[in-house]
Amino acid sequence: MKKFTFEIFRYDPDKDSAPHYDTFEMEIDPETLLLTVLNKIKWEMDPTLAFRRSCREGVCGSDGMNVNGVNMLSCMTKAGDLGKSHIVIQPLPGMPVVRDLVVDVEDFMAKFIAVKPYIIRKSPTPDLEYYQSAADRKKLDGLYECILCGCCSSSCPSYWVDKDYLGPSAFMRAWRYLVDSRDEGADERLPVLNSRDGVWRCHTIYNCVKACPKELNPTDAIVSIRKMLMAKQY
Ligand code: SF4
Ligand code: SF4
Ligand code: FES
């Protein structure tokens, strides 16, 4: 067991004129997940603490937050892994705070929708199924695993300063469909990606890669989209 101090961002726009931090101390096994810590605080110390969570196993993407300055999922992070006994937990940066650790993801989701995140077909519907070979299916590895947690976009300086920039999460999703052998929607998606708010605005700083809790590589996706745009002479 080890003593930890958790300093947590608090802001209720209905009550608070400005954000503040509340501190909670507890003695826990360093293997304890941050999500368990937050649940303990909410259930045993302060029921007003607001944060999103659902699956508690790195699948739903709802509990992205900023911990000691780095974006991560609370359900995949053990308190002892952070190397410090003083842990500061804040909402994802660059997104408006709804309350405490809950951010408004409406704009993030609108950008996801803007890249048409679904298979687009122009050919006639086949009788049986949209066949995909094992080799073509393999091309989606490292892309389909994205859980839309927002940790990447929220760690991106371009995303912070330009409210219209689509951001690495949207680009990851766009590339996932652009490489899908069943998709025929490149001509609908590429103009969006080539726009002022598209891939050219990325400064290749790699913050998004460091932030991804699923160890995916949004910057690779961005570079691949740029190559596709150049090859197709957009
Ligand atoms: S590599 Fe591009 S998308 Fe990723 S954080 Fe940097 S500017 Fe943002
Ligand atoms: S690419 Fe990674 S960090 Fe970005 S939304 Fe997907 S899972 Fe989250
Ligand atoms: S609670 Fe679902 S990803 Fe963490």
Side-chain angles (χ1 to χ4, degrees), residues 52-64 71 73 75-76 92 95 105-156 158-159 164-202 204 206 208-209 211-234:
R52 284 201 185 96
R53 75 284 192 200
S54 181
C55 70
R56 65 160 182 75
E57 52 192 332
V59 175
C60 73
S62 56
D63 64 331
N71 290 350
L73 298 175
C75 68
M76 290 181 71
L92 286 178
M95 296 188 186
V105 293
E106 199 170 324
D107 179 66
F108 174 74
M109 285 306 195
K111 289 169 175 169
F112 164 68
I113 300 295
V115 301
K116 301 180 187 273
Y118 39 82
I119 287 178
I120 298 169
R121 294 287 296 186
K122 315 272 185 200
S123 310
T125 307
D127 288 339
L128 283 176
E129 60 184 347
Y130 294 124
Y131 174 74
Q132 184 168 58
S133 69
D136 283 337
R137 160 62 189 82
K138 201 146 181 47
K139 291 178 189 164
L140 305 182
D141 286 351
L143 300 172
Y144 79 88
E145 299 94 330
C146 170
I147 56 172
L148 275 183
C149 65
C151 288
C152 55
S153 294
S154 160
S155 70
C156 169
S158 300
Y159 196 86
D164 296 322
Y165 177 54
L166 291 170
S169 175
F171 298 142
M172 272 294 283
R173 194 54 61 115
W175 186 238
R176 178 253 173 271
Y177 285 99
L178 287 170
V179 295
D180 193 311
S181 60
R182 301 162 298 180
D183 184 75
E184 297 168 342
D187 287 342
E188 292 185 33
R189 237 173 252 118
L190 288 174
V192 179
L193 299 164
N194 196 36
S195 71
R196 175 199 170 280
D197 310 317
V199 289
W200 303 107
R201 203 149 278 266
C202 164
T204 333
Y206 285 91
C208 52
V209 179
C212 179
K214 304 299 279 187
E215 298 182 357
L216 307 179
N217 193 324
T219 312
D220 262 4
I222 292 166
V223 171
S224 302
I225 293 170
R226 286 175 173 174
K227 284 183 186 162
M228 185 181 265
L229 285 168
M230 287 191 285
K232 288 184 179 272
Q233 298 190 335
Y234 266 83

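In this chain, residues are counted from 1 in sequence order.
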Residues in side chain to side chain donor-acceptor pair (under 3.5 Å) contact with S133, at least two apart in sequence or another chain: D136
side-chain contact (heavy atoms from CB on, under 4.5 Å) partners for S195, two or more places apart: D197
Partners passing side-chain contact (heavy atoms from CB on, under 4.5 Å) against D220 (at least two apart in sequence or in another chain): N217
Shortest non-hydrogen contact between L140 and E145, atoms and distance: O-OE1, 4.1 Å
Side-chain heavy atoms of L143 within contact of L216, under 4.5 Å: no
Contacts of R226 that satisfy salt bridge (charged side-chain N to carboxylate O under 4.0 Å, His left out) - sequence neighbours left out: none
Residues in side chain to side chain donor-acceptor pair (under 3.5 Å) contact with S123, at least two apart in sequence or another chain: E184
Nearest atoms (heavy-atom pairs only) where M172 meets A221: SD-CB, 3.8 Å
From CD1 (I147) to CG (L73), nearest 0.5 Å: 4.5 Å
Salt bridge (charged side-chain N to carboxylate O under 4.0 Å, His left out) against R201, all qualifying residues, sequence neighbours excluded: D162
Heavy-atom neighbours of R52 CZ exceed 12 at 6.0 Å: yes
Set of residues satisfying salt bridge (charged side-chain N to carboxylate O under 4.0 Å, His left out) with respect to D141, sequence neighbours excluded: R137, K138
Minimum heavy-atom distance between A174 and I225, given as atom pair plus value: CB-CD1, 4.4 Å
Where at least one partner belongs to residues 122-134, residue pairs that pass salt bridge (charged side-chain N to carboxylate O under 4.0 Å, His left out), sequence neighbours excluded: K122-E188
Residue pairs fulfilling side chain to side chain donor-acceptor pair (under 3.5 Å) with at least one residue in residues 173-183, sequence neighbours excluded: Q132-D180, Q132-S181, R176-D180, D180-R182, D183-R189
For the student: nearest non-hydrogen atoms of A114 and L166, plus distance: CB-CD2, 4.1 Å
Interatomic spacing from OH in Y159 to SG in C208 - rounded to 0.5 Å: 12.5 Å
Heavy-atom check, side chain of P126 versus side chain of L128, under 4.5 Å: no
Distance (rounded to the nearest 0.5 Å) between K116 NZ and L178 CG: 12.0 Å
Non-hydrogen side-chain atoms of V105 and L148 separated by less than 4.5 Å: no
Side chains of residues 149-156: which donor-acceptor partners sit under 3.5 Å, not counting sequence neighbours?
| unit_1 | atom_1 | unit_2 | atom_2 | d |
| --- | --- | --- | --- | --- |
| S153 | OG | S169 | N | 3.2 |
| S154 | OG | N71 | ND2 | 3.2 |
| S154 | OG | P93 | O | 2.7 |
| S155 | OG | C151 | O | 3.4 |
| S155 | OG | C152 | O | 2.8 |
| S155 | OG | N207 | O | 3.4 |

Euclidean distance, I113 CD1 relative to F108 CZ, rounded to 0.5 Å: 11.0 Å
Partners passing side chain to side chain donor-acceptor pair (under 3.5 Å) against K111 (at least two apart in sequence or in another chain): D107
